[in-house]
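Because only heavy atoms are used, hydrogens play no part in the values below, and waters and symmetry mates are left out as well, while side chains stay in. Just so we're on the same page: letters track the sequence lines, and every chain starts at 1.
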Amino acid sequence: MAQFQSLPGFREFYPDAFARRSHIFRGWRRAAHAYGFSEYDAPVLEPLELYKAKSGDEIEAQLFSFVDKGGREVALRPEMTPTVCRLVGAKASALKRPIKWCSIGEFYRYERAQKGRERAFFQFNCDIFGEPGPEAEIELIGLLVQALSGFGLTAADFYVRLSDRTLWLHYLASLGLDEARSKSVLGAVDKYEKMGDDAFKGYAEAHGAPLAEEVKAKVLAFLKIKSLSALEAVLAPIGGDALQARLADWRKLLNGLAAMGLGEFVEVDFGVVRGLAYYTGFVFEAFDRKGELRAIAGGGRYDDLVKKLGGPDLPAVGFAIGDVTMGLLLEARGLMPAFGPNAEIYAVIGGEAERAAAFLDIAALRAAGYRVEYPLKDLAFGKQFKAAAESGAKIALVYGGDELAKGVVKLRDLADRSEHEIPRDSVLVAVRDHLSGGASS
RNA sequence: GCGGUCAUAGCUCAGUUGGUUAGAGCACAAGAUUGUGAUUCUUGGGGUCGCGGGUUCGAAUCCCGUUGACCGCCCCA
């Protein structure tokens, strides 16, 4: 039994787990590159103030924070958004628009680990800066879908729920609610799915009286809106240019996503508002269809945040996918491949005398990019062939005394068990022909 | 921060009302087999039974504490 254990919520990636993690990262990068996003990274340790400025003092309880030896209050990053806002803000005027950036990084939150939630986890963050219109959302949600569907997940496995804090605030204002009351109502809406009617208790406590029943009925009806047409019907009597412009944005967004063939992945759902106060417009969350897991991804527009963190006035929209929940979903749907040894060639070596000849070819094959394995210590031939089969290799090269005496190497196809002799000086060519052609005779 | 369940070999687990030196399967290694593979047989390494304390002639087993894991609550950027 090991004397030391890893800290709670921190994961150790043994080779098989690391292979699964790499598979996830590869899929994310493939999608991001297809969409023309540039990858960046930034410090893991940041000034504590960066997160307080964005989220308030209460956030400190959820952070890995401490005072460093220089007396600085610092924190391990719990998310990428404030950092990327700083990076983009600092060079905004020099960056070509639109700014489409992505990153894969590890994040740290001091919370109790649960299913789908660890204290250290990876996130794929994608953001578009400098584009205020719904064109940015189309591009970003398209990427979100592809970053999941690229693993083989379909519209039967996950979907993106799409909502809009701007419209919510318009609607609540039309019901006579001021800004503070509207924020409280949005907080209740965020919790309604889980808590039901109790979600509105906070409103009553904050404002001294419960939300008027007729207003509450309208709020509950609004959060159940699941289509653009239902939305238009509810908002028609209210009118106003701003509202009409916003509905036009909605049509553009949904039409754009439909034209990309993503209609079946996206659902209008005003039950989503996301609790975070800094979201300013469209918000969205990706969930598994069966509702068995916590959110796979979340995002939205945050047009005020870059400026709030000391940068220029720069509109922004972004999302993040976590590796934990997405990994669970891939496993549950049988979409996580089995990763094992993946050698292509296994050299069977007769003994010390044959080793030098084998090494010459092994080095050449490896230099040419082939994955080559051989036994580090002398082994019986039977064991070597067994090891060759287990290594995943497609062919074995046999360096025995008999072969070397004849100036040849025996090439054995491990799948069909055929073998033939090849001249020592044409091993590379013979291997290339055999592996590329798939021919065995 | 709160509650529930659990902790025996690398993995999955068994271990009788507390009783001799804690077991099995899988995995790993060696041999049977100094020239041909997923089979078989034999053998081996690997445990302070999560950790600490208590009760007892005697504790993997009972009690207390603690740490960790899983599940849920709070939170979820």
Side-chain angles (χ1 to χ4, degrees), chain A residues 1-12 14-16 46 50-56 58-63 75-85 107-119 121 123 125 127 187 190-191 194-195 198 202 274-279 283 285 292-300 302 305 309 318-320 322 324-325 340-341 346 348-354 375 377-405 410-419:
Chain A
M1 188 54 63
Q3 191 173 1
F4 295 105
Q5 300 176 300
S6 64
L7 261 12
F10 281 76
R11 291 176 291 162
E12 293 165 316
Y14 282 78
D16 58 334
E46 292 274 25
L50 180 64
Y51 304 111
K52 284 188 175 177
K54 178 192 163 227
S55 306
E58 321 78 55
I59 197 70
E60 193 173 349
Q62 314 287 330
L63 295 176
L76 288 170
R77 63 186 181 189
E79 58 168 327
M80 192 54 111
T81 305
T83 300
V84 71
C85 283
F107 299 89
Y108 310 88
R109 296 179 184 175
Y110 198 84
E111 299 173 298
R112 183 81 72 184
Q114 277 174 31
K115 186 176 187 183
R117 183 168 84 180
E118 306 284 351
R119 284 183 167 182
F121 54 93
Q123 272 190 352
N125 275 263
D127 298 270
D190 187 44
K191 294 189 168 103
K194 212 167 189 178
M195 300 173 62
D198 286 349
R274 300 193 51 82
L276 310 323
Y278 67 84
Y279 282 118
V283 289
E285 295 185 328
E292 291 168 345
L293 303 168
R294 51 179 62 240
I296 301 162
Y302 49 99
L305 194 57
L309 293 173
F319 72 78
V324 181
T325 302
Y346 193 98
V348 174
I349 303 171
E352 273 315 307
E354 292 80 17
K377 292 186 296 183
D378 280 351
L379 271 183
F381 268 63
K383 294 254 193 248
Q384 292 197 50
F385 281 104
K386 185 176 180 184
E390 288 171 350
S391 75
K394 293 175 179 57
I395 60 176
L397 294 174
V398 183
Y399 292 86
D402 300 347
E403 286 82 3
L404 294 188
K410 197 179 282 176
L411 189 159
R412 180 178 175 89
D413 187 299
L414 290 166
D416 64 19
R417 305 192 175 202
S418 65
E419 38 184 52

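When each of B:U36, B:G68, B:U39 is scored by its nearest atom to the side-chain atoms of A:Glu419, the top-ranked nucleotide is B:U36. Distance from the side chain of A:Pro78 is smallest for B:A77 among the nucleotides B:A69, B:A77, B:G37. With B:G35, B:G37, B:G68 as the choices, the nucleotide that has an atom nearest any side-chain atom of A:Lys410 turns out to be B:G35.
Taking a pair as Watson-Crick or G-U with both hydrogen-bonding distances under 3.5 Å, the stems of three or more pairs touching RNA chain B are B:1-7 with B:67-73, B:10-13 with B:23-26, B:28-32 with B:40-44, B:50-54 with B:62-66.
Listed by first and then second residue, the salt bridge (charged side-chain N to carboxylate O under 4.0 Å, His left out) pairs involving residues 388-403 of chain A are A:Glu403-A:Lys410 (not counting sequence neighbours).
Residues that satisfy the side-chain contact (heavy atoms from CB on, under 4.5 Å) test with A:Arg294, not counting sequence neighbours, are A:Gln114, A:Arg117, A:Thr325. Every residue meeting the side-chain contact (heavy atoms from CB on, under 4.5 Å) condition with A:Ala393, not counting sequence neighbours, appears here in chain and number order: A:Ala343, A:Tyr346, A:Ser391, A:Leu414. The side chain to side chain donor-acceptor pair (under 3.5 Å) test applied to A:Gln62 returns no partner, not counting sequence neighbours. Scanning for side-chain contact (heavy atoms from CB on, under 4.5 Å) contacts around A:Phe10 gives A:Leu7, A:Phe64, A:Tyr108, A:Arg119, A:Ala120, with sequence neighbours left out. Judged as a ring-ring contact (aromatic ring centres under 6.0 Å, His included), and not counting sequence neighbours, A:Phe381 has no contacts. Taking the salt bridge (Lys or Arg N to Asp or Glu O under 4.0 Å) definition, one finds that A:Arg109 meets it with nothing, sequence neighbours left out. Looking at residues two or more places apart in sequence or on another chain, you find a side-chain contact (heavy atoms from CB on, under 4.5 Å) between A:Ala295 and A:Phe287. A search for side chain to side chain donor-acceptor pair (under 3.5 Å) contacts involving A:Thr83 returns A:Glu46, not counting sequence neighbours.
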Please tabulate, one pair per line, each protein N/O and nucleotide N/O from nucleotides 31-33 of chain B that are separated by under 3.5 Å, including the distance.
none

Any protein N or O atoms within reach of nucleotides 71-75 of chain B? Criterion: under 3.5 Å, listing atom names and distances.
residue, atom, partner, partner atom, Å
B:C71, OP2, A:Lys115, N, 3.0
B:C73, N4, A:Gln114, NE2, 3.3
B:C74, N4, A:Gln114, NE2, 2.9
B:C74, N4, A:Arg117, NH2, 3.1
B:C75, O2, A:Glu111, OE2, 3.4
B:C75, O2, A:Arg117, NH1, 2.7
B:C75, O2, A:Arg117, NH2, 3.4
B:C75, N3, A:Arg117, NH1, 3.0

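Both tests do not hold together for A:Arg417 against A:Phe385: distance to the six-membered ring centre under 6.0 Å, angle to the ring axis within 45°.
In this structure, A:Asp16 atom CG and B:C11 atom P are separated by 12 Å, rounded to whole Å.
Looking at A:Arg412, its side chain comes within 3.5 Å of the base of B:U36 through a donor and an acceptor atom. Taking only distance into account, the side chain of A:Gln384 never meets the base of B:U36 through a donor-acceptor pair shorter than 3.5 Å.
On the C1' atoms, B:U12 is 16 Å away from B:C28, given to the nearest whole Å. Annotation: B:U55 and B:U67 have their C1' atoms spaced 23 Å apart (nearest Å).
Here A:Phe381 does not count as stacked on B:U36, because the ring centres are not under 5.5 angstrom apart with planes under 30°.
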